Amino acid sequence: MAGQVVQMDYTVIGNVSKGFNTAHETLDAVGKVLEAAINILRATAFFSFGTTAALAQYLSVIKDKVQKLSAACVWFSQNLARAIGDHQRGDVEGKHYFEGELAL
């Protein structure tokens, strides 16, 4: 592989990394709102004969998916940031940033 050149536009990749971090922060806020709504629905379940409990369970499933997606955004953001740093330092060991555990 002598002569192979690896180029990276740091600004573009940095912006993508920041975008994933922004998505993570937004999803965390959505998760907190869902948690509050779930707690309210569970508290009022007695008065609605279980209807709100079913809705709370439905929102709970959505909240779990939001939390997993938020974790994936952090994972991508951190890996992109590490790749930029390594590339800037001239690290050419061929690290595998996007391998590992990312279960959605």
Side-chain angles (χ1 to χ4, degrees):
M1 293 207 192
Q4 184 176 4
V5 177
V6 177
Q7 296 180 345
M8 180 185 298
D9 188 335
Y10 300 131
T11 305
V12 171
I13 302 301
N15 287 339
V16 172
S17 177
K18 289 176 188 173
F20 276 114
N21 193 50
T22 301
H24 152 70
E25 291 170 356
T26 302
L27 289 167
D28 272 356
V30 168
K32 290 176 183 175
V33 169
L34 284 170
E35 183 66 31
I38 290 166
N39 289 335
I40 291 168
L41 289 169
R42 286 187 177 148
T44 61
F46 175 75
F47 300 110
S48 68
F49 303 107
T51 304
T52 56
L55 183 57
Q57 182 59 33
Y58 178 72
L59 291 180
S60 182
V61 171
I62 294 172
K63 184 187 79 135
D64 291 342
K65 300 290 183 186
V66 165
Q67 288 174 334
K68 287 180 182 179
L69 188 56
S70 176
C73 288
V74 168
W75 187 79
F76 278 112
S77 177
Q78 290 173 347
N79 278 300
L80 287 169
R82 283 195 331 231
I84 291 170
D86 287 346
H87 191 268
Q88 287 173 328
R89 287 189 302 278
D91 187 347
V92 292
E93 292 192 21
K95 295 188 177 166
H96 302 279
Y97 299 101
F98 300 99
E99 291 180 352
E101 306 228 0
L102 177 63
L104 291 179

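On a predicted model such as this, the values are computed, not experimentally measured, just so you know. Values below: all heavy atoms of this structure, side chains included; hydrogens, waters and symmetry mates excluded.
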Result block: side-chain N/O donor-acceptor pairs under 3.5 angstrom for residues 53-60, not counting sequence neighbours:
none

- All pairs passing salt bridge (Lys or Arg N to Asp or Glu O under 4.0 Å) where residues 52-64 contributes a residue, at least two apart: E35-K63

- Item | Shared hydrophobic cluster, I38 / I62 (ILVMFWY, side-chain heavy atoms < 4.5 Å) | yes

- Message: With rounding to the nearest 0.5 angstrom, report the CG to CG distance, L27 to L69.
- Response: 5.0 Å

- Message: Count I, L, V, M, F, W, Y as connected when their side-chain heavy atoms are under 4.5 Å apart, and connections chain through other members. Are V74 and L80 then in the same cluster?
- Response: no

- Any chance you could measure L34, atom CG, to K65, atom NZ, to the nearest 0.5 Å? 14.0 Å

- Enter the distance from K18:NZ to T11:OG1 here, rounded to the nearest 0.5 Å. 8.5 Å

- Residue pairs meeting salt bridge (Lys or Arg N to Asp or Glu O under 4.0 Å), one or both in residues 36-62, sequence neighbours left out, come to none

- Hey, quick one: are I40 and V66 part of the same hydrophobic cluster, counting side-chain heavy atoms closer than 4.5 Å, chains of contacts allowed? no

- Note on the structure: Residues passing the side chain to side chain donor-acceptor pair (under 3.5 Å) test with S48, sequence neighbours excluded, are T52

- Task: List in chain and number order the residues that pass side chain to side chain donor-acceptor pair (under 3.5 Å) with S17, two or more places apart in sequence or in another chain; answer none if no residue qualifies.
- Result: S77

- Task: Would you check if Y10 and H87 make a side-chain contact, meaning some heavy-atom pair closer than 4.5 Å?
- Result: yes

- Please check if W75 and F20 belong to a single hydrophobic cluster, counting links between Ile, Leu, Val, Met, Phe, Trp and Tyr side chain heavy atoms closer than 4.5 Å. yes

- Which residues satisfy the salt bridge (Lys or Arg N to Asp or Glu O under 4.0 Å) test with E25, sequence neighbours excluded? none

- Item | Shortest non-hydrogen contact between D28 and S70, atoms and distance | OD1-OG, 2.9 Å

